[in-house]
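Data first, discussion second: the structure below is written as structure tokens.
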There are 2 protein chains.
Amino acid sequence: MEDLSPEAMEQATPLSPPMRPECFSQDCPSRGVLDQIADKWSLMILAVLSGGPTRFNEIKRRLEGISQKSLSQTLRKLERNGLVRREVLNSAPVAVQYSLSPLGHTLLPHFRALYCWTHEYLDQIDAARQAFDARQG
Amino acid sequence: MEDLSPEAMEQATPLSPPMRPECFSQDCPSRGVLDQIADKWSLMILAVLSGGPTRFNEIKRRLEGISQKSLSQTLRKLERNGLVRREVLNSAPVAVQYSLSPLGHTLLPHFRALYCWTHEYLDQIDAARQAFDARQG
DNA sequence: CCGTATCCTAAAGGATACTG
DNA sequence: CAGTATCCTTTAGGATACGG
């Protein structure tokens, strides 16, 4: 299998090499991963957990607008994929703590980069939207 | 093997402060951006376009599994947000070419990083899934 | 407090047919 | 070729109620 590490990709073509075509195949396992993690709530949950272990309702409070069901589902999905660790703390009342797994931590810099990008280019995006909407009507 | 403990990761990545709480507010404009671009097809379309200007049906062929409707919708969304440029080339027959805008290019390194991450940790993710499924039944 | 279960509605998205 | 329009099925996801 080809070396896909960031270093290798940089070495191959420093500027902006196209990603490999196999990545778009339905059979490529990376598709199954992206289907799981490339959504808004996953990203935001990991962002919250980047601040340290957090309990269920605390996450819910921080993530304005998420329903209990969606949070529960997304957390289990993240846990299943090994990105999040779930720990039951004691018993009266039940307390459950979620935290990033080591694997989850490896994803963090990339998500953080996306957040930073969003804030950095917000004005450009907004201008583009207004221009587009003006063209269309 | 690299040290993957949370502590080590925090030390290893210079950009590791928690993301700002405002990022999770419903009013934060970054939410509106993430809602738009943080999905699987957007990511994959940008990946295809990273290889250079591409025509509609060529993109469709490369993105196994996408419907014409979804492709059309996603392309327009990306165009509206200023990430993708649309150009009508000639008239008989009609040819339309999509390419990354300068703004779209700024997003590319981050998406590429996500792709690389996916491939790099695929085995760990797979193992986590199997372990989880075994625990649950 | 931390969920699961149920119901129900809104939205995503595929298939197909048709147009410039 | 590059779409739009329509239909229709599937899914996501909110609201609510209940259980451990």
Side-chain angles (χ1 to χ4, degrees), chain A residues 24-26 31-32 34-45 48-49 52-81 84-99 132-133 135-137, chain B residues 24-26 31-32 34-45 48-49 52-81 84-99 132-133 135-137:
Chain A
F24 314 128
S25 156
Q26 276 178 324
R31 281 275 281 260
L34 286 171
D35 289 352
Q36 298 278 313
I37 66 168
D39 71 283
K40 183 184 59 165
W41 289 132
S42 292
L43 198 150
M44 296 218 290
I45 288 174
V48 168
L49 295 185
T54 316
R55 289 171 55 178
F56 186 88
N57 279 329
E58 175 64 20
I59 302 175
K60 187 171 184 309
R61 271 188 295 274
R62 304 268 301 272
L63 257 45
E64 233 173 295
I66 195 172
S67 71
Q68 192 177 30
K69 180 183 175 182
S70 294
L71 178 55
S72 182
Q73 284 177 342
T74 309
L75 277 173
R76 233 174 311 114
K77 195 176 63 180
L78 292 173
E79 187 195 357
R80 177 171 183 270
N81 285 275
V84 160
R85 182 181 304 148
R86 178 182 182 273
E87 286 169 290
V88 181
L89 290 184
N90 52 56
S91 281
V94 179
V96 180
Q97 167 179 285
Y98 293 89
S99 56
F132 183 91
D133 294 345
R135 278 200 300 278
Q136 310 294 322
Chain B
F24 315 127
S25 156
Q26 277 179 324
R31 283 275 281 258
L34 285 172
D35 288 352
Q36 298 278 314
I37 65 168
D39 70 283
K40 182 184 60 163
W41 289 130
S42 292
L43 198 151
M44 297 218 290
I45 288 175
V48 168
L49 295 185
T54 316
R55 290 171 57 177
F56 186 88
N57 280 328
E58 175 64 20
I59 302 175
K60 187 170 185 307
R61 269 188 296 274
R62 305 268 302 270
L63 258 46
E64 232 174 297
I66 195 172
S67 71
Q68 193 176 30
K69 180 183 175 183
S70 295
L71 178 56
S72 182
Q73 285 176 341
T74 309
L75 277 173
R76 235 175 309 116
K77 195 176 66 182
L78 292 172
E79 187 195 358
R80 176 172 184 269
N81 285 275
V84 160
R85 181 181 304 149
R86 179 182 182 273
E87 286 170 289
V88 180
L89 290 185
N90 50 56
S91 284
V94 179
V96 180
Q97 165 179 288
Y98 292 90
S99 56
F132 183 91
D133 294 345
R135 278 200 301 277
Q136 309 295 322

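Here is the naming used below: chain letters follow the sequence lines, and residue numbers restart at 1 for every chain. Only a predicted model underlies this, so the values are computations on that prediction, with no experimental measurement involved.
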Sorted by first residue and then second, give each salt bridge (charged side-chain N to carboxylate O under 4.0 Å, His left out) pair with at least one member in residues 68-80 of chain A; sequence neighbours left out.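 Every salt bridge (charged side-chain N to carboxylate O under 4.0 Å, His left out) pair that includes a residue of residues 68-80 of chain A, provided the two are not neighbours, is A:D39-A:K77, A:R80-B:D133.
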Is [X] close enough to [N] that one of its side-chain N or O atoms is under 4.0 Å from OP1 or OP2 there?
| X | N | value |
| --- | --- | --- |
| B:S72 | D:dA2 | no |
| A:Y98 | C:dC1 | no |
| B:R86 | D:dG3 | yes |
| B:R55 | D:dA2 | yes |
| B:S70 | C:dA12 | no |

Length of the line joining [X]:[atom1] and [N]:[atom2], which is rounded to integer Å:
| X | N | atom1 | atom2 | result |
| --- | --- | --- | --- | --- |
| B:L89 | D:dA2 | CG | C1' | 12 Å |
| A:E64 | D:dG14 | CD | C1' | 16 Å |
| B:E58 | D:dC1 | CD | P | 10 Å |

Return the stems involving DNA chain C, sorted by first number, where pairs are Watson-Crick (N1-N3 with N6-O4 or O6-N4) or G-U wobble (N1-O2 and O6-N3), both under 3.5 Å, and runs are 3 or more long.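 DNA chain C forms these stems: C:3-20 with D:1-18.
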Can you confirm whether A:R62 sits close enough to A:I59 that some side-chain heavy atom of one is under 4.5 Å from a side-chain heavy atom of the other?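 No, their side chains stay 4.5 Å or more apart.
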Has the side chain of A:Q73 got a donor or acceptor atom sitting under 3.5 Å from an opposite partner on the base of D:dG13?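 No, no donor-acceptor pair under 3.5 Å.
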DNA chain D: A:V94 or A:W41, which has the more 5' nearest nucleotide?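 With A:V94 and A:W41 compared, the 5'-side residue is A:W41.
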